[in-house]
Amino acid sequence: MSDTRISIMEIAKRRGFYWKAYEIYGGLGGFYDYGPLGAMLKENILRIWKEEFVIKDGLLMLDGPNIGPELMYIASGHAEKFADYMVRCKKCGHVFRADELLKGVVENPEKLDKKGISKAIKEYGIRCPDCGGELTEPESFHLMFSTTVGLDKRAFLRPETAQGIFVNFPIMYRLNREKLPFGVAQIGKGFRNEISPRQGLLRLREFNMAEIELFVDPYDDSILNDFEDVELHLLTRNGEELKLSPKEAIGRKIMNPHIAYYMAKIVKFLDSLGIDLKRVRFRQHFKEELAHYSQDTWDCEILISSGWVEVTGIADRGDYDLKSHTTYSGKDLTAIRRFKEPKKIQIKKLRPRMEILGPMFKKDAKKIAEMLENMEYIEGDVEIEINGKNVKIPKDAYEIKIEEEVVGGERFIPHVIEPSFGVDRILYAILEHSFYEREDTGYKVLKLKPKIAPIKAAVFPLMAKDDLDTLAIEILNKIRENGVPSYYDDSGSIGRRYARADEIGVPFCITVDYESLKDNTVTIRERDSANQKRLKIDDIPKILKDLVEELIDFESL
RNA sequence: GCAGGCGUAGUGUAGUCUGGCAGCACAAGGGCCUUCCAAGCCCUUAGCCCGGGUUCAAAUCCCGGCGCCUGCACCA
């Protein structure tokens, strides 16, 4: 493990950013607690996310349940993976899907249960296709956590928040007053029963996601909003490495314009979180790497000590999800594409002549008449299915009339662009990119930006006596009153207190000294430069708030 | 899940081979001292991952479990 990662893990636990969950019971792999600092840091990241992606673009937020019905996950394609059995080669360690190995050997291998697979492998002497080694007993491979709702209804914990958005498409579409493009954002937990989660926050079984489903008309390239033309570091699936602006990338048709739009926003977002943009790139998935629902996917990757890690994926899901949910639910999940001007369409309609139909079809005549009225006439014989039989309707039993209809638009299934953010990974990357050791002393510092730092200010009395302490506490209370997370510390030397604050990324320290008693001023110290300015105590709450919101910068004081 | 390594105060570690009073540093709490960048002194709190076995005696040896790290595999 890299030194940086070791230091971060150590600080995270000792100072309270995060730690393995359930430690008193020996821990549970892939589950972490966020402590006081981590919980605040996560909130700050999400607040900025909402500002950048939800508020600025007028997206709609949604907050749905974690548990979803089985049928929804059958429709989404996730459940298909649920019942797979895997076998591994005892010799070379390669893993295979049991049903793949048994294809052509037994009939319907996918229908076998664990015992059946085990029996078939032994009976037919199936061995490792790579090295001929012996295979292990089959193991079920559950990617989703399953549970039961009520007595016996099968359900799953969501592996992504996306499905909860798709199934609400009609409501959200209406709430957006039926305009495209529009996006729905959801922040929440996702659950995946990983085989072997490792690397701390980078691979969790229960994780925090922030997802957007942008619903677009595939024939309309207009993007949500204007954007800053930043430089993107791209790695295409052809192996090309490019430095392009999103506008150039769109021009060269490297990706969908909506994807380029989100790339620009992501770069800006990561920058505002303190991620080093030199260590950010977008990597296009290889065809075989694409998820079952995806047509094109670009991962935003950040370089950390263990290599490039995916923190955000932008997937072009096409109409996969809405189409599939339409099939399984039987509900209409379409949008309307309005014509610039309503079109007048001439439709040939049928008018039933009851005096002929009546005697001919008796009881069925009424039903047939209704069906004829609702039909569009196409040249040729008219046939109707009634009581399971096709019946030819004689020409004299109807008249053809031409009706004019005004059509405002046509219905279609919107396409979906999905930027999906792994909040835990972003949080970890921020910690790594923020971490450094002071050149002179080697003391550890997190250079967290004021906006995201969990604690914004620390207030110290130079000495914990002579009323310096009471004045410091007064100042602390004023700052807290003003909504700025802060703490008081009078233990140890002043230098130790600065160091303690630096280690958890407190950007500003306020020190009450003997001059404070004379002229009502205090010093304020900026973390990274260790520079100090002297300010009036009365001005502190306002100035500190502006510093924390990054409206002013320390050097300008 | 496999292979290898590992698990000792809040954190980092020594001790494990060769069984015999569990030690150090930092942190934390209290006190003295101290007028701006982890000073010093005194005191205190606090630990052998869990379970079983062997033994007069287990942090140490054996078995099982849990967890972590690295590699393989997996990561829609």
Side-chain angles (χ1 to χ4, degrees), chain A residues 1-2 5-7 9-16 19-31 35 73 76-82 84 86-97 130 133 136-141 143-144 159-160 162 190 192-200 202-205 207 285 288-294 297 306 309-310 313 315 317 422 438 440-445 460-466 468 490-503 509-517 522-525 527 529-532 534:
Chain A
M1 261 198 303
S2 75
R5 188 152 154 228
I6 291 168
S7 296
M9 279 168 46
E10 196 257 309
I11 293 171
K13 185 164 190 198
R14 186 165 45 80
R15 301 301 307 275
W19 53 81
K20 271 189 309 179
Y22 311 116
E23 274 193 309
I24 68 163
Y25 289 111
L28 190 61
F31 297 92
Y73 287 112
S76 72
H78 291 97
E80 198 192 311
K81 304 266 169 190
F82 184 73
D84 281 351
M86 313 294 285
V87 289
R88 195 177 337 93
C89 171
K90 288 180 181 169
K91 204 166 137 199
C92 68
H94 289 179
V95 175
F96 307 95
R97 274 175 61 171
D130 290 354
T136 58
E137 285 294 304
E139 298 149 39
S140 57
F141 183 64
L143 232 42
M144 282 196 291
E160 55 176 11
R192 294 179 194 187
N193 200 3
E194 301 279 358
I195 297 172
S196 133
R198 249 180 243 171
Q199 302 179 65
L202 299 185
R203 259 182 78 198
L204 299 173
R205 288 191 165 119
F207 50 97
H285 277 203
E288 60 275 16
E289 197 182 348
L290 291 173
H292 63 271
Y293 49 71
S294 176
T297 296
S306 54
V309 60
E310 176 201 347
R317 298 178 75 131
R438 291 206 190 272
D440 43 353
T441 54
Y443 301 145
K444 291 167 175 151
V445 186
F460 311 142
L462 189 59
M463 296 295 139
K465 59 178 184 183
D466 302 328
L468 297 181
D490 66 8
S491 84
S493 72
I494 189 76
R496 173 181 295 195
R497 287 177 256 160
Y498 285 138
R500 212 184 262 145
D502 290 346
E503 194 182 47
C509 292
I510 291 161
T511 302
V512 176
D513 58 14
Y514 286 91
E515 262 184 85
S516 308
L517 299 175
V522 288
T523 62
I524 178 165
R525 165 197 182 265
R527 176 192 59 217
S529 61
N531 287 340
Q532 286 184 314
R534 187 165 280 279

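Predicted model, so just to flag it, every value in this text is computed and none were measured. A, B, ... follow the sequence lines: proteins, then strands. Residue 1 opens every chain.
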Practice item. Kindly determine whether A:Tyr498 and A:Thr511 satisfy side-chain hydrogen bond (donor to acceptor under 3.5 Å, both in side chains), including the steps that lead there. Key: CA-CA 10 Å; A:Tyr498 285 138; A:Thr511 302; 2.8 Å; yes
Distance check, [atom1] atoms only: [N] and [M], in whole angstrom units.
| N | M | atom1 | result |
| --- | --- | --- | --- |
| B:G65 | B:A9 | C1' | 25 Å |
| B:G31 | B:G47 | C1' | 26 Å |
| B:C26 | B:C63 | P | 39 Å |
| B:U13 | B:G52 | C1' | 29 Å |
| B:G10 | B:U45 | P | 14 Å |
| B:C41 | B:A46 | P | 23 Å |
| B:A73 | B:C66 | P | 24 Å |
| B:G23 | B:C48 | P | 13 Å |

Rounded to the nearest angstrom, tell me the gap between atom [atom1] in [X] and atom [atom2] in [N].
| X | N | atom1 | atom2 | value |
| --- | --- | --- | --- | --- |
| A:Glu10 | B:A9 | CD | P | 13 Å |
| A:Leu202 | B:C75 | CG | P | 17 Å |
| A:Glu23 | B:G7 | CD | C1' | 12 Å |
| A:Asn193 | B:C74 | CG | C1' | 12 Å |
| A:Lys13 | B:G7 | NZ | P | 15 Å |

Counting only Watson-Crick or G-U wobble pairs whose two distances fall under 3.5 Å, which nucleotide matches [N]?
| N | answer |
| --- | --- |
| B:G64 | B:C50 |
| B:C72 | B:G1 |
| B:U34 | none |
| B:C17 | none |
| B:A25 | B:U11 |
| B:A39 | none |

Distances under 3.5 Å only, N/O to N/O: pair up the protein atoms with those of nucleotides 67-70 of chain B.
| from | atom 1 | to | atom 2 | distance (Å) |
| --- | --- | --- | --- | --- |
| B:G67 | O4' | A:Gly26 | O | 3.2 |
| B:G67 | O2' | A:Lys20 | NZ | 2.7 |
| B:C69 | OP1 | A:Gln199 | N | 3.2 |
| B:U70 | OP1 | A:Arg5 | NH1 | 3.0 |
| B:U70 | O4 | A:Arg198 | NH1 | 3.1 |
| B:U70 | O4 | A:Arg198 | NH2 | 3.3 |

Roughly how far apart are [X] [atom1] and [Y] [atom2], rounded to 0.5 Å?
| X | Y | atom1 | atom2 | value |
| --- | --- | --- | --- | --- |
| A:Ile494 | A:Cys509 | CD1 | SG | 8.0 Å |
| A:Glu23 | A:Phe31 | CD | CZ | 14.5 Å |
| A:Arg317 | A:Thr297 | CZ | OG1 | 9.0 Å |

(Q) Under 4.0 Å, counting only non-hydrogen atoms across every strand here, what does A:Ile11 touch: a base, just sugar-phosphate, or nothing? (A)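 Result for A:Ile11 = nothing.
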- Could you go step by step and tell me if A:Gln199 and A:Val309 meet the side chain to side chain contact (heavy atoms under 4.5 Å, CB included) rule? CA-CA 11 Å; A:Gln199 302 179 65; A:Val309 60; over 6 Å; no
B/S/- along nucleotides 30-46 of chain B (protein heavy atoms under 4.0 Å) is ----BBBBBS-------
Worksheet item: Looking at A:Arg497, A:Arg496, A:Arg527, A:Arg525, which hits salt bridge (charged side-chain N to carboxylate O under 4.0 Å, His left out) with A:Asp502?
Response: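 Between A:Asp502 and the candidates, salt bridge (charged side-chain N to carboxylate O under 4.0 Å, His left out) is satisfied uniquely by A:Arg525.
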- Query: Considering residues at least two apart in sequence or located in another chain, which fulfil the side chain to side chain contact (heavy atoms under 4.5 Å, CB included) criterion with A:Tyr443?
  - Reply: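 If we apply the side chain to side chain contact (heavy atoms under 4.5 Å, CB included) test to A:Tyr443, skipping adjacent residues, the hits are A:Thr441.
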Near A:Tyr514 OH, under 6.0 Å, is it more than 12 heavy atoms from other residues, nucleotides or ligands?
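Yes, the 6.0 Å shell around OH holds more than 12 heavy atoms from other groups.
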Side chain to side chain contact (heavy atoms under 4.5 Å, CB included) for A:Arg500 and A:Ser491? Distances and angles first, verdict last. CA-CA 11 Å; A:Arg500 212 184 262 145; A:Ser491 84; 3.3 Å; yes
| message | Minimum heavy-atom separation for A:His78 and A:Pro159, please, with both atom names. | response |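 The pair with the smallest heavy-atom distance is CD2-CG, 3.8 Å.
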